[in-house]
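A short write-up of the structure that comes next.
Index from 1, following the sequence. These figures come from a predicted structure and were not determined experimentally.
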Amino acid sequence: LHAQGDRTARGLTRRRTGHFELGAGTTAVRALVRAEPLRRVGRADCETPGMSHLAVVGTGYVGLTAGACLADLGHRVVCVDRDVEKIDCLSAGEVSMVENGLEDLVARGLDSGLLSFSTDLASAVAEVEAVLLSLPTPTAADGSTDLAVLEEVCVELGSLLETGTTVVVRSTVPVGTTRRLPEMMGRSDLPVVANPEFLREGTAVSDFLGPDRIVVGSDDRDAAAFVAGFYEALDVPKVVTDPSAAEMIKYASNAYLVTRLSFINSIAAVCEGLDADIDAVVEGLGLDHRIGSAYLRPGPGWGGSCFPKDTRSLVDSARRGGYEFRFLEAAITANEEQFDRVVAKVEATVEGGLSGRCVAVWGLTFKAGTDDHRDSPAVAVIERMMVAGARVRAYDPTVASRSEALPEGLEICADPVEACRGADGLVILTEWPEFAEVDPGAVSAVLEVASVVDTRGVIDRKRWTSAGFGVESIGR
């Protein structure tokens, strides 16, 4: 698809040129409302677009990464957030979250003058060509998606934006939300575009600058061309479609990944019962080109800021659309059961059960490389152990003290060996590489019982068994 159009903003006429592509086997996805097939084009075919002036609303890991990366691609970007302290820190180049490469990117953007930060939404959007919404969309109590923050910001934007300013939804939202934005803003003169993100915490910068694809969805051809042009410097496939399909691509992607994770954890459970080596099974599966090895490592369960929220939202949306998504519901149920299976493993290694016992835990975040422990499998397991009467001492390299998001009564320790002091067993719940370097002899010297449940396959099993440990893992 090659789309050109004249757009008028602030009295200036600008020409937008966009090129979009789809790979083989994706002909079911069509371009916009005309359902025109897309063709694959190379970067050499494309004209280099001019620098755009953009505002990003929200500075979580999605919004801040987008702002810093877009500035690094040559756009002028202002990131907006209501948190005054956070904006002050960001303006000074201080990034509080753990995200590889992000602090350097922010510093580079500030030095170049292409990246700035503000708490004033009105001034931030006064002269921009597009506003990118990267706002929280948490799960409500009934399983639906809470759009209150998005709706509130849209109402405010409706009174601020110049005619023709493009509004881009980067947040993960229920299918159909982008098309509702004009109603939320009370404006019909603002083009709206769905541009979902596919960022993994811990690798968000590399995911943004080296994505598998760019997805753009709009009923406005020129707006779609304009937004796709943000990423012209990235030589990757660009899928252009309608906004509902773009929103569904994000949900379908995450839903598929969690089903793989729940599947391999279920296979691991079967392997345990039949005395089969899960490592060999995973290797054999991954070598099949139809399957591949990604997201096929057994563990304590899946979690984080996206997977649980997005799967629950998709189940709710499907039900509202008249379909009971039992396949995805089964994956969610299998994940909850995996937390229970890990607790059962720990309980089996502690003579007399968990009540009144002390358990050492290594890892609190939902995965390594991030400081995020929202919906973390580690926290889910800890909560279950504490309900069973255990006292838990934990170490995580990103957690210095217990926050309100962590279970009350959880003891935070300064190093992994200290967490084991006086404990009746150890369970490893996050795959931090540093755990593989800990001397098992030092751990044995402070543990009451030399037993470890390694749910992530982090430690060298032979090394630890040679040091006198009983080692339990997932699938073995």
Check: Just by distance, do the side chain of Lys238 and the backbone of Val215 share a donor-acceptor pair under 3.5 Å?
Finding: no
Next item on the list: Take atom CG of Asp288 as the centre, draw a 6.0 Å sphere, and report whether it contains more than 12 heavy atoms from other residues, nucleotides or ligands.
Entry: yes
Note to self: Just so I know, are the side chains of Val343 and Leu354 near enough to count as touching, which here means a heavy-atom distance under 4.5 Å?
What the structure shows: yes
Next item on the list: Classify the side-chain pair Glu247/Thr178 by whether it contains a donor and acceptor separated by less than 3.5 Å.
Entry: yes
Notebook entry, point to check: Below 4.0 angstrom, N of the basic side chain to O of the carboxylate: do Arg180 and Glu151 qualify?
Noted result: yes
Next item on the list: Flag the pair Arg82 and Glu152 as a salt bridge only when some basic side-chain nitrogen lies within less than 4.0 angstrom of an acidic carboxylate oxygen.
Entry: yes
Check: What is the distance from atom CG of Leu447 to atom CG of Asp424, rounded to the nearest 0.5 Å?
Finding: 8.5 Å
Notebook entry, point to check: Between Arg461 and Asp454, does at least one N-O distance fall below 4.0 Å, as a salt bridge requires?
Noted result: no
Notebook entry, point to check: Hey, mind stepping through Glu272 and Lys345 against salt bridge (charged side-chain N to carboxylate O under 4.0 Å, His left out) and telling me if it holds?
Noted result: CA-CA 12 Å; Glu272 289 179 14; Lys345 276 183 172 289; 3.2 Å; yes
Next item on the list: Please work out whether the ring planes of Trp362 and Trp464 are parallel, tilted or perpendicular, with thresholds of 30° and 60°.
Entry: perpendicular
Note to self: Tell me every residue that passes salt bridge (Lys or Arg N to Asp or Glu O under 4.0 Å) with Arg108, counting only those two or more places apart in sequence or in another chain.
What the structure shows: Asp72
Item checked: Flag if over 12 foreign heavy atoms under 6.0 Å of CZ, Arg463 -> yes
Check: Going through the distances and angles, do Leu296 and Ile291 end up as a side-chain contact (heavy atoms from CB on, under 4.5 Å)?
Finding: CA-CA 9 Å; Leu296 277 185; Ile291 298 172; 3.8 Å; yes
Margin query: Would you say that Val427 contacts Ile382 through its side chain, given a criterion of any heavy-atom pair below 4.5 Å between the two side chains?
Written below: no
Notebook entry, point to check: Are Glu431 and Arg297 within salt-bridge range, i.e. N to O under 4.0 Å?
Noted result: no
Next item on the list: Verify, without hydrogens or angle tests, whether Arg393 (side chain) and Glu418 (backbone) share a donor-acceptor contact under 3.5 angstrom.
Entry: yes
Checklist line | Side-chain heavy atoms of Val449 within contact of Glu351, under 4.5 Å | finding: no
Note to self: Once rounded to the nearest 0.5 Å, what's the spacing between atom CD of Glu411 and atom CZ of Arg391?
What the structure shows: 5.0 Å
Notebook entry, point to check: Would you say the side-chain atoms of Thr59 and Asp81 include a donor-acceptor pair closer than 3.5 Å?
Noted result: yes
Next item on the list: Verify whether one side chain among Thr370 and Asp372 offers a donor that lies under 3.5 Å from an acceptor in the other.
Entry: no
Notebook entry, point to check: How many angstroms lie between CZ in Phe117 and SG in Cys79, if you round to the nearest 0.5 Å?
Noted result: 5.0 Å
Next item on the list: Test Ile474 against every option in Ile278, Val342, Val453 by the side chain to side chain contact (heavy atoms under 4.5 Å, CB included) rule and name the one that passes.
Entry: Val342
Next item on the list: Would you check if the side chain of Thr259 reaches a backbone N or O of Tyr256 as a donor-acceptor pair within less than 3.5 Å?
Entry: yes
Check: Can you tell me if Arg260 uses its side chain to pair, donor with acceptor, with the backbone of Ile264 under 3.5 Å?
Finding: no
Notebook entry, point to check: Is there a side-chain contact (heavy atoms from CB on, under 4.5 Å) between Ile459 and Val452 once you walk through the steps?
Noted result: CA-CA 10 Å; Ile459 61 175; Val452 56; 4.0 Å; yes
Next item on the list: Decide yes or no for Tyr231 and Pro211: does some side-chain heavy atom of the first lie under 4.5 Å from some side-chain heavy atom of the second?
Entry: no
Next item on the list: List the atom of Gln338, the atom of Gly301, and the distance in Å for their closest heavy-atom pair.
Entry: CG-N, 3.8 Å
Notebook entry, point to check: Does atom CE of Met185 have more than 12 heavy-atom neighbours, drawn from other residues, nucleotides or ligands, at distances under 6.0 Å?
Noted result: yes
Check: Just wondering, more than 12 heavy atoms not from Asp88 lying within 6.0 Å of its CG?
Finding: yes
Check: Do side-chain atoms of Thr430 reach the backbone of Trp432 as a donor and acceptor pair under 3.5 angstrom?
Finding: no
Next item on the list: Apply side-chain contact (heavy atoms from CB on, under 4.5 Å) to Ile214 and Phe230, showing your working.
Entry: CA-CA 10 Å; Ile214 300 295; Phe230 298 168; over 6 Å; no
Check: Using 4.0 Å as the upper bound for N to carboxylate O, is an ion pair formed by Glu324 and Arg319?
Finding: yes
Note to self: When you compare the side chain of Met385 with that of Val346, does any pair of heavy atoms fall below 4.5 Å?
What the structure shows: yes
Check: With side chains defined as the heavy atoms from C-beta onward, is the minimum distance between Val149 and Thr137 less than 4.5 Å?
Finding: no
Check: Nearest 0.5 Å, what's the CD-CZ distance between Glu197 and Phe208?
Finding: 10.0 Å
Item checked: Donor-acceptor under 3.5 Å (Ser171 side chain, Val173 main chain) -> no
Checklist line | Polar side chain donor-acceptor pair, Thr145 to Ser313, under 3.5 angstrom | finding: yes
Item checked: ring pair (Phe, Tyr, Trp, His ring centres under 6.0 Å) pairs, two or more places apart, involving residues 303-361 -> Tyr323-Phe325
Note to self: Measuring from atom OG1 of Thr333 to atom CD of Glu337, what distance do you get when rounded to the nearest 0.5 angstrom?
What the structure shows: 6.5 Å
Next item on the list: Work out which heavy atom in Pro174 is nearest to a heavy atom in Tyr251; give both atom names and the distance.
Entry: N-OH, 3.3 Å
Item checked: Flag for Arg179-Ser244: side-chain donor and acceptor within less than 3.5 Å -> yes
Item checked: Check ion pair Lys462-Asp460 (N to O, under 4.0 angstrom) -> no
Notebook entry, point to check: Among Asp396, Val392, Leu364, which one satisfies side chain to side chain contact (heavy atoms under 4.5 Å, CB included) with Ile412?
Noted result: Leu364
Check: At their closest point, which heavy atom of Pro397 faces which heavy atom of Glu434, and how far apart are they?
Finding: CB-OE1, 3.5 Å
Checklist line | Audit row: Leu147, Thr177, side-chain contact (heavy atoms from CB on, under 4.5 Å) steps and yes/no | finding: CA-CA 9 Å; Leu147 297 176; Thr177 300; 4.0 Å; yes
Item checked: Check ion pair Arg341-Glu336 (N to O, under 4.0 angstrom) -> no
Checklist line | Cation-pi check, Arg213 onto Phe198 ring (under 6.0 Å, within 45° of axis) | finding: yes
Note to self: So, taking the atom named CG in Leu314 and the one named CD1 in Ile332, what distance separates them when rounded to the nearest 0.5 Å?
What the structure shows: 8.5 Å
Next item on the list: Show the numbers, then the answer: is there a salt bridge (charged side-chain N to carboxylate O under 4.0 Å, His left out) between Lys309 and Asp375?
Entry: CA-CA 9 Å; Lys309 173 179 71 71; Asp375 277 316; over 6 Å; no
Next item on the list: Output yes when a side-chain donor or acceptor of Ser293 lies under 3.5 Å from a complementary backbone atom of Gly286, and no otherwise.
Entry: no
Notebook entry, point to check: Does the side-chain hydrogen bond (donor to acceptor under 3.5 Å, both in side chains) test come out yes or no for Ser144 and Asp142, once each step is laid out?
Noted result: CA-CA 6 Å; Ser144 64; Asp142 63 357; 2.6 Å; yes
Notebook entry, point to check: Does a side-chain N-to-carboxylate-O contact under 4.0 Å join Glu329 and Arg312?
Noted result: no
